[in-house]
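Residue numbers begin at 1 in each chain, while the letters A, B, ... track the order of the sequences. Please read these numbers as outputs of a predicted model, since none were measured by experiment.
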Amino acid sequence: MTMDKTFDAKTAEPEIYARWEEAGAFRAGANASRPETFSIVIPPPNVTGSLHMGHALNNTLQDILARWKRMQGFDVLWQPGQDHAGIATQMVVERKLAAEGQPSRRELGREKFLEKVWEWKRESGDTIIRQLKRLGASCDWSRNRFTMDEGFHDAVLRVFVGLYKAGLIYRDKRLVNWDPHFETAISDLEVEQVETRGALWRLRYKLADGLTYRHPMVREGEGPDAPLRGWTPADGAPDAWEERDYVVVATTRPETMLGDVAVAVSADDPRYRDLIGKELVLPLANRRIPILADQHADPTKGTGAVKITPAHDFNDFEVGRRHGLPMINVMDTRARLALEGNEDFLRAAAPTPEAMALHGLDRYEARKRILELAEAQGWLDGRDEEVHVVPHGDRSKVAVEPFLTDQWFVDAKALAAEALAAVRDGRTVFHPRSWEKTYFQWLENIEPWCVSRQLWWGHRIPVWYGPDGTPFCEASEDEARAAAEAHYGRPVALERDPDVLDTWFSSGLWPMGTLGWPEDTPELRRYYPTSVLVTGFDIIFFWVARMMMMGLHFMKDAQGRPQVPFRDVYVHALVRDEKGKKMSKSVGNVIDPLDLIDEYGADAVRFTLASMAAMGRDIKLAVGRVAGYRNFATKLWNAARFAQMHGCKPDPAFDPAAARLPLNRWIAGETARLRRDVDAALSDYRFNDAAGALYAHVWGVVCDWYVEMAKPILTGPDGADKDETRAAMAWAIDQCLIMLHPFMPFVTEALWGQIAPRDKMLIHADWPAWGAELEDPAADAEIGWIIALIEGVRSVRAEMNVPPSAKIPLTLVSGGPEAEARIRKSLPLISRLARIETFSVADAAPRGAVTLTLEGAEVCLPLAGVIDAGKEKARLEKALDKLRKEIAGLEKKLSNQSFLAKAPEEVVAEQRERLEAARDEAARLEGAVARAAQMV
RNA sequence: GGGCGCGUAGCUCAGCGGGAGAGCACUACGUUGACAUCGUAGGGGUCGCUGGUUCGAUCCCAGCCGCGCCCA
C-alpha cells in the first residue's frame with residue numbers, strides 16, 4: 001500500500017501520543033540502558049492556566065533534551081507538575097464568582113471560598129496538561145505533582161518550620177508593598193515601576209509658636225523689578241531675603257500628609273540650618289512636628305525640605321528609624337483614609353472637622369480634597385508638573401501602597417551566601433554564562449523576603465498563637481498543641497495565623513519536593529541534583545535563585561555538603577511577535593500555540609521554536625517560518641514515501657561502513673557528520689544549530705541529492721548495486737528519523753511505523769554513535785565533483801535559455817582519464833539530472849561550444865546554433881572578472897611579507913591553494929572567452 | 001543614573017578574526033513517476049557610523065547614533 005502524499009498531523013498526533021502513553025514510554029527510566037541519569041523538573045505552569053508561546057518554547061526545549069537522552073539510553077526523568085499560583089488563581093475565581101452573580105469571597109467565607117477554588121481547579125486543572133500533551137511533551141505523567149497536593153503541602157510547611165527553627169524566618173512589623181486591590185502584601189519582585197505623569201505639590205507648613213525666619217530669594221530675570229523666587233543651591237548669592245512663618249515641603253503624595261511626623265532638611269542647608277530642632281504645625285491635623293537634619297533631605301531637590309511619613313514611604317521609614325519617630329498609619333487595607341478611632345493619628349493632634357471628614361475617602365479622592373483645602377486655607381504654595389515612577393502591583397495593576405503591617409520574612413541574605421558560592425565555583429552553570437551576572441547582582445543586594453500573603457488560596461502559615469500571642473511554629477496542629485502545652489503547662493486554645501505563603505516560597509522547593517522530600521525516597525537519591533533547569537530569564541530572581549537558596553539549605557550529600565538543585569541552568573529568551581513586541585492580550589498580538597498546532601502540526605511548531613532558540617536572543621516569531629517547517633515535514637514524508645515505493649526496506653545486515661558504491665559511502669559519511677554535529681550542538685544547548693544541521697541534511701543532502709542520484713539505480717536493473725542502494729537508502733532515512741525525532745516526534749514516529757515492523761517504537765530507538773569510520777574522503781570528492789558538474793550544466797542551460805525538455809551533448813575537453821572515468825561511471829544520473837543526451841571526449845573544445853570549468857577538468861556543451869555567442873562571451877567574462885578579482889586579492893595577500901611571516905602556516909597554505917585553483921580555472925575561462933570571441 | 005543586550009539581503013534570523021549565509025518573499029523557467037506543502041536557475045548586502053588594535057576586522061577594543069530589556 002502506497003503512503004498518502006502528506007502527513008495528516010491532526011488525526012495522527014493524538015493517536016501516536018496515546019500509543020506512547022499506553023506503552024509507558026515516558027516513565028522514569030524507560031529505555032534506560034546505562035547507569036547515568038538525566039533529570040529535569042518542569043517549570044510548573046499555573047494549574048488553571050493555558051498554554052502560551054512561552055510554555056511552548058520552554059517545553060519544546062525540555063522535550064528535545066529528554067527524548068535525546070532517553071534514546072541515548074540514559075535513565076531519564078522529566079518531572080511534571082503544576083503550581084497553585086496564589087494571587088492569580090484567587091483572582092480568577094473571584095472574577096468568575098462575580099460574573100456568575102454568585103456570593104463574593106467575603107460573603108462565602110474562607111472555607112466555602114476555598115471549596116470553590118478547588119472546584120475550579122478540578123474543572124480546569126487538566127487543561128494545561130492536555131495542551132502540553134498536544135505539544136508532544138514526554139513528561140512522566142504518572143509522577144505529576146501539584147504544589148497544593150498533600151505531600152507537597154507538607155513539604156512546604158516543613159521548610160517553613162525548618163527555616164523558622166534555624167532563625168531564618170521571623171515576624172516583623174515593617175513597611176511592605178501593599179496591594180490595595182488584593183489587600184495583601186507582595187514582595188519587591190511583584191512590583192512594577194511605571195512611569196507616570198504626576199505633579200510635585202508644594203505645601204506650606206507653619207512654624208509653631210509664631211516663629212519666623214529669613215528665607216533667601218533670587219530674581220528671575222534682569223532688573224530690580226523681576227519677580228522673586230526661592231533660592232536654591234544652584235543660584236549663587238541670593239538677591240533678597242523674605243520673612244517667612246512657614247516652611248515649604250514638596251510632595252507627590254499629599255494624601256499621606258496626615259501621617260507626617262517630621263520635616264527633614266539637610267544639616268548644612270543654609271536656608272534651614274537655623275530651624276533644625278524647631279517645630280512646625282501640621283495643617284489639618286494640628287500636630288506639632290519637629291524639623292530635623294537627615295541625609296535623606298536633598299537640598300537640590302524640590303525645596304530642600306521633605307515631609308517625613310514613616311508609615312507610608314520606604315525612605316521615610318528609614319528616617320523614622322534613625323530618629324526614633326512615631327509611625328502613623330492613616331490608611332486602611334483598601335487605601336482609604338482611616339482617621340476615626342485611629343489612636344496613632346489622634347494622639348497629640350487636634351484635627352479640624354474638615355480633616356476628620358476625609359475619613360473613608362479613597363486615597364485619590366483624599367488627595368484632591370486635601371489640595372482643595374490647602375488652596376482654600378492658603379497653604380498650597382504651588383504645583384510643578386513632573387514625570388515620576390510609581391510602583392504598581394504586577395497582577396492588580398494598581399499603585400501599591402507602602403504599608404505598615406506585621407509580616408513574615410525570610411532572612412534571604414543568610415541563604416544567599418551559599419547560592420552565590422555555588423554559581424561562583426561552578427557547581428551550577430548558567431547557559432549562556434552572561435545570566436550569572438544578573439543572578440549575582442540580585443543575590444548580592446538581596447532584601448528580606450516578605451513571604452506572608454493576606455490571601456486564602458495557598459499554604460497556610462504553620463504558626464499557631466497562644467492566648468497571650470506566643471507563636472508556636474510546627475508542621476501540624478497536633479505538634480503545635482503539644483508545644484503549647486509544654487510552654488503553658490496546660491492545654492490552651494490556639495489560633496492559627498490566617499495568612500498564606502508566597503507562591504514562590506513553595507516553588508522554591510520544587511526540585512526536592514517533587515522528588516519526595518522530606519522523605520528519603522529512591523527518586524530523591526537517584527535524580528537529585530537534577531541535570532538541567534530550562535527556564536526563561538524573567539524568573540531568574542523569582543524562581544531560580546530561590547530554588548538555589550532552598551535546595552542548598554535543605555539538601556546535603558553524605559558528607560553533609562549542600563547539594564545544588566540543578567547542575568545547568570539553560571536560560572531561554574522570551575517569545576515576541578514578529579516586530580519584537582512582547583505578546584500581550586491588550587495589544588492583541590498574541591499568537592496561540594494551539595492555533596498553530598491546529599494549522600501546521602505540533603512538529604512544525606516545535607521545529608520552528610527550536611530553530612529560533614539561539615542562545616541569548618529574543619525570539620521574534622514569524623508565522624511564515626512555521627509553514628516552512630511544516631513543508632519540511634512533508635518533504636521528509638515524501639522522501640520516505642519514495643523509498644517505500646522503490647522497495648527500500650531496513651536491512652539489519654546492512655553495514656554502512658562496508659558499502660561499496662561511492663554514493664552510498666558518501667551518504668554514510670554525511671550521516672556520520674550529522675550525528676556528530678547534532679550531538680555537539682545539543683550538548684551545548686545550541687538547539688538552533690542542531691535544528692539547522694538536520695534541516696540542511698534532510699532537505700539539502702538526502703532529498704536534493706541522495707534520492708536524486710539513487711534514482712537511476714533504483715529504477716534500473718536488479719543486481720548488487722540496487723540491493724545495496726535499497727538498504728542504504730532505508731538506513732539513511734532511518735537515521736534521519738532517529739535524529740529528527742527529538743525535534744519532530746510525531747511525524748518521525750509515524751514514518752518509523754509505516755516503513756517496517758519494528759521491535760521498539762522510535763521514541764525508544766537507539767541513538768547512533770556513528771563516527772569517522774563512516775567517512776570516506778574519496779567518495780566525498782567524487783560525489784562532490786559530480787554535483788558540481790550537474791550544477792554547472794544546469795546553470796549554463798538556464799542562462800543560455802536551453803529549453804528544459806531539450807537533451808544536449810556533453811564533451812570532456814581536459815581532465816584526463818580520472819575525470820572521464822568519473823563521468824562514465826555516473827553517466828546515467830548525470831544524464832538524468834543535467835538532461836544530457838550523449839557523452840564524448842575531445843582534445844579541444846569544438847567551435848561554438850559553451851565551456852564549463854570544474855576542479856581539475858574542463859567540459860563543454862556543444863551548443864552551436866542553439867546559443868547566442870555574444871551572450872556566452874558575456875557570461876564567461878563575468879565569471880572571469882569575478883575570478884580575477886579574487887586572484888588579485890589573493891596575490892596581494894601572498895606578496896605581503898607581514899602576512900607570510902605572521903599568519904599561521906595553514907592559513908598561508910590555504911590561500912596558496914585557493915590562488916592556484918583560481919588561476920587554473922581562470923586559464924580555462926580565458927581560453928573559452930577567446931573561442932567565444934571568434935564566433936561573434 | 002547603573003547594568004545587560006541588539007542593529008548583517010525587502011522580512012525573520014544564523015555566523016562572530018582569514019572565501020558574506022539560511023528560510024521566507026521576489027524574478028524566470030518547469031506536469032523528468034517521492035513531494036506544486038514541489039523542482040531548477042537567478043537577482044539582491046560599503047555586515048548602523050567613526051576611529052583604533054592586527055599581516056588581515058562583519059567578527060576584538062573605544063566613541064557615537066538608533067532600538068530593546070532589567071535594576072535604582
Side-chain angles (χ1 to χ4, degrees), chain A residues 2-7 188-189 192-193 389 432 434-435 437-438 440-442 445 537-538 540-541 573-574 576-582 600-601 604 608 611-646 648 686 688-689 691-692 695-696 699-700 703-704 707-708 710-711 714-715 729 733 790-791 793-805 807 831-835 886 889-890 892-904 906-908 910-911 913-915 917-918:
Chain A
T2 312
M3 290 163 55
D4 293 335
K5 279 195 175 184
T6 55
F7 173 59
D188 300 347
L189 287 177
E192 286 173 354
Q193 303 296 336
V389 288
S434 52
W435 287 108
K437 218 168 191 168
T438 307
F440 291 146
Q441 204 174 317
W442 187 68
N445 300 296
F537 63 78
D538 49 331
I540 290 179
F541 306 144
L574 242 50
R576 299 168 181 280
D577 76 2
E578 70 190 287
K579 291 183 198 79
K581 278 230 166 69
K582 206 166 166 172
Y600 300 108
T608 307
S611 301
M612 300 185 82
M615 242 195 252
R617 251 188 110 121
D618 280 347
I619 294 179
K620 289 188 214 158
L621 185 71
V623 179
R625 298 269 309 237
V626 187
Y629 292 123
R630 186 271 321 267
N631 297 352
F632 174 58
T634 307
K635 189 75 183 173
L636 171 74
W637 181 266
N638 278 288
R641 182 167 180 262
F642 166 85
Q644 190 207 42
M645 290 167 73
H646 291 87
C648 304
R686 287 180 286 113
N688 59 319
D689 285 341
Y695 187 96
W699 201 318
C703 293
D704 287 350
V707 166
E708 291 303 326
K711 275 178 183 173
L714 293 174
T715 58
M729 174 76 70
I733 288 175
I790 292 166
E791 284 183 330
V793 174
R794 281 171 171 175
S795 188
V796 167
R797 291 178 61 115
E799 261 179 88
M800 295 295 120
N801 295 319
V802 178
S805 53
K807 290 196 155 200
S831 301
R832 182 188 183 109
L833 298 182
R835 314 274 311 148
E886 197 187 333
L890 288 165
K892 191 177 162 205
K893 201 180 247 187
L894 286 166
S895 60
N896 182 337
Q897 289 310 311
S898 307
F899 173 72
L900 297 175
K902 294 182 182 173
E906 60 272 21
V907 172
V908 177
E910 193 194 324
Q911 307 296 314
E913 277 168 34
R914 273 179 53 205
L915 178 60

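One interatomic measurement links the two molecules: CG of A:Asn688 to C1' of B:rC13, which rounds to 10 Å at whole-angstrom precision. In this structure, A:Gln644 places its CD atom 13 Å from P of B:rC35, rounding to the nearest Å.
A donor-acceptor contact under 3.5 Å is formed by the side chain of A:Lys711 with the base of B:rA34. The base of B:rA34 sits within donor-acceptor range of the side chain of A:Glu708, with an N or O pair under 3.5 Å. Counting distance only, with no hydrogens placed and no angle test, the side-chain atoms of A:Lys635 and the base atoms of B:rC35 include a donor-acceptor pair under 3.5 Å. Contact annotation: side chain of A:Arg794 to base of B:rU40, donor-acceptor pair absent below 3.5 Å.
Stems are defined here as 3 or more consecutive Watson-Crick or G-U wobble pairs with pairing distances under 3.5 Å; those involving RNA chain B are B:1-7 with B:65-71, B:10-13 with B:21-24, B:26-30 with B:38-42, B:48-52 with B:60-64.
Residue contacts shown for A:Glu799 are absent, as no nucleic acid heavy atom lies under 4.0 Å away. At a threshold of 4.0 angstrom between heavy atoms, the contacts of A:Arg914 include nucleobase atoms, whether or not backbone atoms are also involved. Using a 4.0 Å heavy-atom cutoff across all strands shown, A:Arg797 reaches no nucleic acid atom at all.
A tilted orientation is assigned to the rings of A:Trp637 and A:Phe7, their planes being inclined by 30° to 60°. Between A:Phe642 and A:His646, the angle of the ring planes lies from 30° to 60°, which puts this pair in the tilted group.
A:Arg797 places a side-chain N or O within donor-acceptor distance of the main-chain N or O of A:Arg835, the cut-off being under 3.5 Å.
Each of A:Gln911 and A:Thr6 has a nearest nucleotide on RNA chain B; the 5'-most of these lies closest to A:Gln911. Summary of the strand contacts: A:Ala627 and A:Phe642 both lie near RNA chain B, and taking for each the nucleotide with the nearest heavy atom, the more 5' one is attributed to A:Phe642.
For A:Lys437, whose side chain is taken as the heavy atoms from C-beta onward, the closest listed nucleotide among B:rA41, B:rU12, B:rG3 is B:rG3. Across B:rA34, B:rG18, B:rU37, the shortest atom-to-atom separation from the side chain of A:Arg630 is found for B:rU37. The nucleotide whose nearest atom lies closest to any side-chain atom of A:Val907 is, among B:rG18, B:rA41, B:rU32, B:rG18. Proximity note for A:Arg641 (side chain, C-beta onward) versus B:rG3, B:rA34, B:rC69: the nearest is B:rA34. The side chain of A:Asp704 has B:rG39 as its nearest neighbour among B:rA34, B:rA14, B:rG39. For A:Lys5, the side-chain atoms get nearest to B:rC35 when compared with the rest of B:rC35, B:rA14, B:rG18. Of all nucleotides listed (B:rC55, B:rG30, B:rA34), B:rG30 comes nearest to the side chain of A:Pro804. With B:rG3, B:rA41, B:rA34 as the candidates, the nucleotide lying closest to the side chain of A:Asn638 is B:rA34.
The two residues A:Met729 and A:Leu714 come nearest to each other via the heavy atoms CE-CD1, 4.0 Å.
In this model, the phosphate group of B:rG42 is approached by a side-chain N or O of A:Ser795 to a distance below 4.0 Å at OP1 or OP2.
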Would you mind building the protein contact string for nucleotides 21-26 of chain B? One character per nucleotide, 5' to 3', B for base within reach (heavy atoms under 4.0 Å), S for sugar-phosphate only, - for untouched.
--S---
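Using a 4.0 Å cut-off between charged side-chain N and carboxylate O, A:Glu708 and A:Lys711 make a salt bridge.
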